[in-house]
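Heavy-atom basis, side chains included; hydrogens, waters and symmetry copies ignored. In this chain, residues are counted from 1 in sequence order.
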Amino acid sequence: VVSQLNRAGFEAYIVGGGVRDLILGEEPKDFDVTTNATPNQICKVVKNCQRRIIGRRFKIVHCVFGHRESQIIIEVATFRNNEESAAGRSSGDAGMLTRDNSYGDSIEEDSKRRDYSINALYYSPKNRIIYDFHGGYYDILKGTIDMIGDPVVRIHEDPARIIRAYRFAAKLGFKISERTMKGFEGNFSLIKNINSSRLFEEVNKFFLSGYGYRSFKVLKESNILKLFLTEQGVVFDSDYFNGFIGESLKRSDLRHRQGKPNMPAFLYAVLLWPLVNSMLNRLRTAPGFIHSSEKSIIDLIGAKVIASQLAITNFPNMVQDIIMEIWRLQADLDNGMDGVDNVEHVIANKFFRAGVDFMRLRAFMDDSLTDACESWEEEYEFQSARALMFRKAKSRGKSGGSDDADVERTIEELEILNSRRAKERARASEREQSLKKELKKSGRKARGQEKTKTKSRKKRSGKEKIKGGSRRGDESLNLTEWM
């Protein structure tokens with residue numbers, strides 16, 4: 001991308017976190033490019049990729065390379081102007097920028113619009129030079145996060161800069177500079193002005209990028225986490241809240257290191273569960289409360305909690321549905337595999353594995369759930385292996401390693417295997433039911449025989465009493481031996 005822009009006569013530099021991570025000796029997650037070409041010019045010059053202009057406050061171009069599952073997105077932005085009165089730039093009543101499509105002429109001018117010095121380093125592949133106008137290289141070596149410009153003004157322009165500072169602190173292990181922290185003081189409430197959909201994405205970056213547990217500790221200590229969640233009351237400082245969410249984030253960090261995906265829906269199911277669980281416990285023990293089923297109680301409370309959370313982080317309807325499905329599954333899973341009326345229905349749920357993962361976290365906090373949780377393990381492992389084989393088969397098909405027939409054959413084999421397991425479970429269930437019936441039947445027969453013996457003894461005893469009753473002591477002895 002940089003080379004194509006340079007050949008067309010434009011300046012172009014790699015900027016931001018990619019340069020920072022290279023200096024730290026880490027592999028960059030992505031690369032951003034900045035140029036003096038406008039969005040329309042970028043789209044005309046850069047080839048061999050999909051190009052789309054996005055953004056309302058400041059328009060940028062996404063250059064998309066590769067297929068959906070292996071996409072590389074290079075974000076390309078035009079130099080920004082730092083003049084407050086620049087055309088194309090406007091602010092709201094609270095000083096928050098609502099539009100910033102004001103283009104600049106140089107990287108020095110553009111650097112003043114960056115948020116932190118560690119993200120304002122420009123690398124020219126053409127000249128092999130790093131340009132640093134705000135001491136960012138020095139701050140990286142010191143491990144300091146320092147705001148460019150007046151922190152108070154910059155925070156009012158975009159309150160999300162507060163969130164970004166704490167995210168870098170968690171990710172990099174850096175400390176926020178004293179002057180920057182002073183600018184934050186008294187302004188944390190501005191986070192509530194951030195668009196709820198944008199805040200949803202910011203929270204995902206905190207907890208789903210491989211450093212979720214460190215983020216949790218940083219946000220908890222700084223008291224910012226409360227601003228991301230609906231009112232928790234005493235639950236927020238409870239051992240259950242800290243233990244349940246902390247353990248979940250440790251496990252999701254491990255999944256990230258293993259290259260496994262983490263779902264935003266699962267994250268929010270975890271973040272909101274301590275409150276839901278507390279409300280469930282209170283409702284179950286409320287005097288005179290009667291409800292038809294455990295699922296209906298979860299539906300009632302879950303809908304209320306999610307509706308309250310949506311005012312803060314507005315997640316898509318699909319995410320809401322998955323959260324509720326994971327919670328509702330707990331009502332079935334809690335009974336254990338042997339205690340569920342329709343095992344096949346539970347296993348067929350496409351969020352079965354997510355539900356068991358969630359139950360594992362609950363069992364981590366509550367030993368009474370361990371046996372029920374373990375009863376699902378074998379089926380969980382089978383479904384996980386099945387999903388892995390399915391993904392590998394599809395991947396081979398897309399990469400040309402196998403044709404569609406191979407993929408279909410693998411899927412068919414998996415379905416046959418799954419069908420056999422279902423039939424085996426059904427036969428085992430039938431045998432169990434048959435055994436129960438036999439035991440019940442033999443129990444009734446034994447009770448009937450015992451009643452007959454009792455009547456016979458009573459009859460003999462009555463005859464002996466009529467004869468004089470002198471054998472009462474002997475009868476007592478015989479009864480004792482029988483017992």
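- In this structure, F188 places its CZ atom where more than 12 heavy-atom neighbours from other residues, nucleotides or ligands lie under 6.0 Å away.
- Within 6.0 Å of CG on N223 lie more than 12 heavy atoms contributed by other residues, nucleotides or ligands.
- Contact check on E178 versus K182 returns a salt bridge, with a Lys/Arg side-chain nitrogen under 4.0 Å from an Asp/Glu carboxylate oxygen.
- Of all heavy-atom pairs spanning R154 and I148, the tightest one is NH1-O, 2.8 Å.
- Taking every heavy atom of both residues into account, T144 and S177 meet most closely at CG2-CB, 3.7 Å.
- In summary, the side chains of S117 and D139 do present a donor paired with an acceptor at a separation below 3.5 Å, with no hydrogens or angles considered.
- Using modelled atom types, no side-chain atom of E201 and backbone atom of S197 make a donor-acceptor pair closer than 3.5 Å.
- Classification of the Y116-F168 ring pair by plane angle, with boundaries at 30° and 60°, yields perpendicular.
- Without hydrogens or angle criteria, T313 side chain to S196 main chain gives no donor-acceptor distance under 3.5 Å.
- The CZ atom of R114 sits 10.5 Å away from the CG atom of L121 when rounded to the nearest 0.5 Å.
- Between F358 and W273, the ring planes lie perpendicular to each other; the angle is over 60°, past the 30° to 60° tilted range.
- Side-chain contact between Y123 and L22 is absent, with no heavy atoms from C-beta onward closer than 4.5 Å.
- Scanning both residues, A372 and M359, for their nearest heavy atoms gives CB-CE, 3.7 Å.
- Checked by atom type and distance alone, the side chain of S308 never pairs as donor or acceptor with a backbone atom of V305 at under 3.5 Å.
- Judged purely by atom type and a 3.5 angstrom limit, S111 has no side-chain atom pairing as donor or acceptor with the backbone of A120.
- Put simply, the side chain of V346 does not reach to within 4.5 Å of the side chain of E379, judged on heavy atoms.
- The two atoms that bring T38 and T78 nearest to each other are CA-OG1, 3.5 Å, heavy atoms only.
- By the 6.0 Å contact criterion, CD1 on I72 is open, its count of non-hydrogen atoms from other residues, nucleotides or ligands being 12 or less.
- The residues E247 and R360 are annotated as not salt-bridged, no charged nitrogen and carboxylate oxygen being separated by less than 4.0 angstrom.
- Taking the six-membered ring where the residue is Trp, F228 and F206 present tilted rings, their angle falling between 30° and 60°.
- For the pair K220 and F236, the cation-pi test (distance below 6.0 Å, angle within 45°) is passed.
- Heavy atoms of other residues, nucleotides or ligands lying less than 6.0 angstrom from CZ of F65 number more than 12.
- A salt bridge does not link D158 to R164: none of the charged side-chain nitrogens sits closer than 4.0 Å to a carboxylate oxygen.
- Ring geometry for W376 against F352 counts as perpendicular: the plane angle is over 60°, on a 0 to 90° scale with 30° as the lower cut.
- Across all non-hydrogen atoms, the minimal contact from A169 to I145 is N-CD1, 3.4 Å.
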